[in-house]
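A quick write-up on the structure given underneath.
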Amino acid sequence: MALRKRKSKIKGLSVADAKIPYCMSKKNTCLVLLATFFISAFFTLVSISETMPGNVYRIKESVGWQAITYHHRKIVNLATTFLGPVEEEKHSKETSTADNLAIEEVVRFTPIVQPSASLARNIISRYSEYSSLKVDLDHSYEIANASNSFIKVKNYNIFIDDNITVYIELRNGLGKRMETGGDFLRIWMNDDHSHSSVAGYVVDHMDGTYTGVVRAAWKGRATLKVSIGHTKEQVSLYAKYFQKYGAYKYTNATFYSLHPKVTESTQCSSTHWQVERRYGGYCNFTAQNYNISYYCGEPRYFECTDWKQYGWDDVMYLDRREIHIMQAFSHALIDKVPLRIQIRRDNIPPPTLPCHLLDKRSTWTASVPVGFRHMSLWHSLQCSNRIARRKETYIKCLASRRTIFVGDSTSRQWFKHLVHILGLDLDNSDFAKNDSKSWQKYISARSKKYGIKMEWMPHEHPFAGTPGSSITNLKSVQYRLDRIGANSTDIVVINWLLHIARSCDHNAFREHVQKAKSAIVRLLQRSPKIEIFIKGTHSHTYKKEFMPLEYIRRFVEQVLYEEFADLQDKIRYLEGWELTEAMENDNVHPSFHIVDQMVRYFMAFACSDKDN
C-alpha cells in the first residue's frame, strides 16, 4: 500500500512517523464532504424558507422544527452554564470596541398601577414601549431565563387568609440580573391531594425584581409556583409583527362563481394595506361584516362578489430565530416551594351573599383573587354559590327561558356542556356528529317539557373557522342582539378572545366591542329585565399558538373595562383567567372539569337560589 510521509514538526528531525493510507484519507474526506453537504443543504432550505412569504412556517414544520428548537434550547442552556463567563467576556469585548458608536437607549417600562385588579386597566399604555424595544435575535441569552432566575418566600409561618409574599429576581441566560421590567410573570399555588388551587398577582419593580402575592385559601399542604408567562421580547416581536403585517395570523377567503371545485383563496385582515400590497388590490367586506372593518386580498380570476367561503390561514412570516424566541421562553417554571398552611380561630368567614344578588359593578372591580378551588369546587370570594350542580336545579333556573351564547368555540363548550347536563334535544343532527364545519354554524337545542331553549352563535369576522365554511355562518354580535325582542328575560353570554386576538390589535378589537355595546344599550332599553354577561378571558399554555397571551389577555380586558364603564351596573363580567390559571389549563379548549367549574360559576350569577 502506498504510504505518504510528513516531516516532523520538531526542528532538526526528519521522521516518517505519520503513515496514513490514501484510502483512509479519502474516506474521511468523503465523510466530511458528505456531512458538509447535508448541513449546507439544511441551512439553505431554512434560508430559502425565510425569504419565501407564505412558506416559512410550513417548511419548518416539515423538518420537525419544534423538536429542533427544543433540543437547541437544551444545548444553549448547557453552553450557558459552562461557557457563560466566556460568552459574557466576548460580548463585553464586542461592546467595548464600539466606543465611537451611539449607545442605544434602553426602554424603561412604565409601572403598572393596581396590579391586583382582576381586570387589567392600563396595559395599552405600554404598547409603544413594547413596539420600540429592540430585540437582538442573535443573542437570545439576553432574555429572561427561568433556569437562572430564583424566588424567595418571605413568610413561612402561614395561616389561612394570609397573603404570602415572594421575592422574584429574573436573570438572563448569562446569569446576570435583568435591569428592566416588562416581563409577564405568573404566581399560583395548588395541592393535588386536596384538589385545591388559587392564583395570585405580581408587582413589577421595573429593575428585574418582582414581588409575587398569593393568598392562603385552604388548610394543609400547598405548593407555590412562579413562572415566566411571556417575556417582553416576545411581546415586542408580536407588536412589531402587527405593525409590519397588519395581523398576527390571517383568515382566509375562498372565491368561486359557477363551479365550487374551481376556486381561488386570498388572505384577510382587519386592515387593508398589507393584503393590498400582497395581492395588488383588496376587497372591502366591511359592509358584509356588519360595518366592522374586514378586508381580503383581491382575487386574480374572480370578482369580490364571488366570495363564498372562509377559514383559518396559519401561514406566519417568522424566521427561525423569531420562532425560537416566541416558543422557547414561554411558560417556563422558575421554581416551586412546598408550604404548610395553618388554621387560626378567628378566620375570616366565607361570604354569605348569594352571587345573583351581588352588585353587578363588583364583578368588574374585584381584586385578585376572585376565588379559589378546594375539593375540586370553585369558591367565589365575593359571594356564595348556592346553586347545586344538579340537573333539577339547573332546570328550575332555566325553565321557560332562552339562553344565548354569542362568541367562539369556548362559549360553544359552555353550550355543549349545558345541553349535556340538561339533556336537551339538538335541533340540528349534524351538530351531534361533531363535524368540523357543523361546529361553525348557528345551533340550538331545547326541552319542550320545561320550555328551555339554548342557542350558540358564532361572532363576526375575523373568525378562524374550518377552511371551506360558508360565509352565511357568521353574523356580528350587534346583529344577533338586535334580533332579540322587547320585554325579553333571556340570558345572553358574549365573548371574544382568540379569533379576534389572532387578527386584531387593541384598536381593531375596540371597534368590535363598540359595535356590540351600541346593540346592548338598545337591548337594555327595550328589555330591561334581560341578563347580559361578558365572558372574560381564559388562560392556557398551548405553545403552538406563538401568541403572548399574557399581554393579549390584558389589552382585551382593558378594552372591555373601558368600553363598558358606563354599563357596569347593568351587565356582569365573568372572570375566567384566575380559574384557568390556577387549575393549570394547558389546551386552548379547557378540559371537561374546568368547563364544568366555569359553567357552575356562571350559573351562580344567573340563577336565584330561592328554590334551593
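Computed over heavy atoms, backbone and side chain alike; hydrogens, waters and symmetry mates excluded.
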Quiz item: Can you check whether I124 reaches R510 side chain to side chain, under 4.5 Å on heavy atoms?
Solution: yes
Quiz item: Got E531 and K360 here, is their nearest side-chain heavy-atom distance under 4.5 Å?
Solution: yes
Self-check item: Lys/Arg N to Asp/Glu carboxylate O, E142 vs K176, below 4.0 Å
Solution: no
Exercise. List the atom of P351, the atom of S380, and the distance in Å for their closest heavy-atom pair.
Key: CG-O, 3.7 Å
Exercise. Take H205 and T211 through the test side chain to side chain donor-acceptor pair (under 3.5 Å) and record every step on the way to the result.
Key: CA-CA 8 Å; H205 300 301; T211 297; 2.7 Å; yes
Under 3.5 Å, side-chain donor or acceptor atoms of residues 179-187 against the rest of the protein: list the pairs with distances, not counting sequence neighbours.
from	atom 1	to	atom 2	distance (Å)
D183	OD1	K232	N	2.8
D183	OD2	K232	NZ	3.1
R186	NE	E550	OE2	2.5
R186	NH1	S539	OG	3.2
R186	NH2	S539	OG	2.8
R186	NH2	E550	OE2	2.7

Exercise. Report the distance from atom CG of L357 to atom OG of S384, rounding to the nearest 0.5 Å.
Key: 10.5 Å
Quiz item: So does N587 have more than 12 non-hydrogen atoms from other groups sitting under 6.0 Å from CG?
Solution: yes
Self-check item: Check: W456 ring centroid to F405 ring centroid under 6.0 Å
Solution: no
Exercise. Classify the angle between the aromatic ring planes of Y601 and F605 as parallel (below 30°), tilted (30 to 60°) or perpendicular (above 60°).
Key: perpendicular
Self-check item: Check: Y130 main-chain N/O paired with S236 side-chain donor or acceptor under 3.5 Å
Solution: yes
Quiz prompt | Atom pair CH2/CZ of W414 and R412 - distance to nearest 0.5 Å | solution = 14.5 Å
Quiz item: Looking at the rings of F533 and F602, which for Trp means the six-membered one, are their centres under 6.0 Å apart?
Solution: yes
Self-check item: Spacing of CE belonging to M598 relative to OG1 belonging to T580, to within rounding of 0.5 Å
Solution: 5.5 Å
Exercise. Test I168 against every option in I334, T209, V203 by the side chain to side chain contact (heavy atoms under 4.5 Å, CB included) rule and name the one that passes.
Key: I334
Quiz item: What heavy-atom pair brings I164 and A216 nearest, and what distance separates the two atoms?
Solution: CD1-CB, 4.3 Å
Quiz prompt | Validation row: I421, R389 side chains within 4.5 angstrom (heavy atoms) | solution = yes
Quiz item: Which atom pair, heavy atoms only, marks the closest approach of L481 to A516?
Solution: CD1-O, 4.2 Å
Quiz prompt | Any donor-acceptor N/O pair, R321 side chain to D136 backbone, under 3.5 Å | solution = no
Self-check item: Lys/Arg N to Asp/Glu carboxylate O, K535 vs D408, below 4.0 Å
Solution: no
Quiz prompt | Ion pair R344/D162, N-O distance below 4.0 Å | solution = yes
Quiz item: Strictly under 6.0 Å, is that where the ring centroids of F555 and Y127 end up?
Solution: no
Self-check item: Atom pair OG1 (T403) and CG (D490), whose distance is rounded to the nearest 0.5 Å
Solution: 7.5 Å
Quiz prompt | Intermediate values then yes/no, side chain to side chain donor-acceptor pair (under 3.5 Å), S125 and N122 | solution = CA-CA 6 Å; S125 63; N122 48 15; 5.6 Å; no
Exercise. Before giving the answer on side-chain contact (heavy atoms from CB on, under 4.5 Å), spell out for I494 and W496 the whole-Å C-alpha distance, their side-chain angles and the decisive distance to 0.1 Å.
Key: CA-CA 7 Å; I494 305 168; W496 305 268; 3.8 Å; yes
Quiz item: Closest approach of L418 and M454, non-hydrogen atoms and distance?
Solution: CB-SD, 3.6 Å
Practice problem: Let me see the working for M547 and Y542 under side-chain contact (heavy atoms from CB on, under 4.5 Å), right down to the final yes or no. | Solution: CA-CA 9 Å; M547 294 194 299; Y542 191 62; over 6 Å; no
Self-check item: Donor-acceptor contact present, side-chain E581 to main-chain G200, <3.5 Å
Solution: no
Self-check item: Side chains of L567 and I532 in contact at under 4.5 Å (non-hydrogen atoms)
Solution: no
Exercise. Enumerate the residue pairs fulfilling ring pair (Phe, Tyr, Trp, His ring centres under 6.0 Å) with a member in residues 224-247, sequence neighbours excluded, ordered by first and then second residue.
Key: H230-H331, Y238-F242, Y238-Y248, Y241-Y245, Y241-Y248, Y245-Y317
Self-check item: Side-chain heavy-atom pair Y156, R340 within 4.5 angstrom cut-off
Solution: no
Self-check item: Minimal non-hydrogen separation, I143 against E233, with atom names
Solution: CG2-OE1, 3.6 Å
Self-check item: Note, L237 side chain near L137 side chain (heavy atom, < 4.5 Å)
Solution: yes
Quiz item: For Y394, what residues pass the ring-ring contact (aromatic ring centres under 6.0 Å, His included) criterion, not counting sequence neighbours?
Solution: none
Exercise. Could you walk me through whether E578 and S118 pass the side chain to side chain donor-acceptor pair (under 3.5 Å) test, one step at a time?
Key: CA-CA 8 Å; E578 287 187 35; S118 60; 5.3 Å; no
Self-check item: L381 vs P369 side-chain heavy atoms within contact, under 4.5 Å
Solution: yes
Quiz item: If only atom types and distance count, is the side chain of W364 paired as donor or acceptor with the main-chain N or O of L119 below 3.5 Å?
Solution: no
Quiz prompt | Geometric class of the H499/F463 ring pair [parallel <30°, tilted 30-60°, perpendicular >60°] | solution = parallel
Quiz prompt | Of K219, H379, H374, R373, the residue whose pairing with S196 passes side chain to side chain donor-acceptor pair (under 3.5 Å) | solution = H374
Quiz item: Under 3.5 Å, is there a donor-acceptor pair between the side chain of K134 and the main chain of V107?
Solution: no
Quiz prompt | Validation row: H593, M583 side chains within 4.5 angstrom (heavy atoms) | solution = yes
Practice problem: Please report the shortest heavy-atom distance between H459 and V477, naming the atom on each side. | Solution: CB-CG2, 4.0 Å
Quiz item: Do the side chain of H538 and the main chain of V588 share a donor and acceptor less than 3.5 angstrom apart?
Solution: yes
Quiz item: Excluding sequence neighbours, so at least two apart, what forms disulfide (SG to SG under 2.5 Å) with C504?
Solution: none
Practice problem: Please check if the side chain of E563 supplies one atom and the backbone of K517 the other of a donor-acceptor pair under 3.5 Å. | Solution: no
Exercise. Go through S362 and Q382 one step at a time and tell me if the side chain to side chain donor-acceptor pair (under 3.5 Å) criterion holds.
Key: CA-CA 8 Å; S362 297; Q382 291 184 289; 5.1 Å; no
Exercise. Could you walk me through whether L377 and Q597 pass the side-chain contact (heavy atoms from CB on, under 4.5 Å) test, one step at a time?
Key: CA-CA 7 Å; L377 295 179; Q597 292 304 305; 3.8 Å; yes
Quiz prompt | Test side-chain hydrogen bond (donor to acceptor under 3.5 Å, both in side chains) applied to W188 - qualifying residues, sequence neighbours left out | solution = E584
Exercise. Quick one: do N585 and L579 satisfy side-chain contact (heavy atoms from CB on, under 4.5 Å)? Show the steps, please.
Key: CA-CA 9 Å; N585 176 53; L579 188 153; over 6 Å; no
Self-check item: R171 backbone acceptor or donor facing S149 side chain under 3.5 Å
Solution: yes
Exercise. Taking S197 for its side chain and N190 for its backbone only, find out whether a donor-acceptor pair lies under 3.5 Å.
Key: no
Quiz item: So which pairs with a foot in residues 108-127 pass salt bridge (Lys or Arg N to Asp or Glu O under 4.0 Å), sequence neighbours left out?
Solution: R126-D204
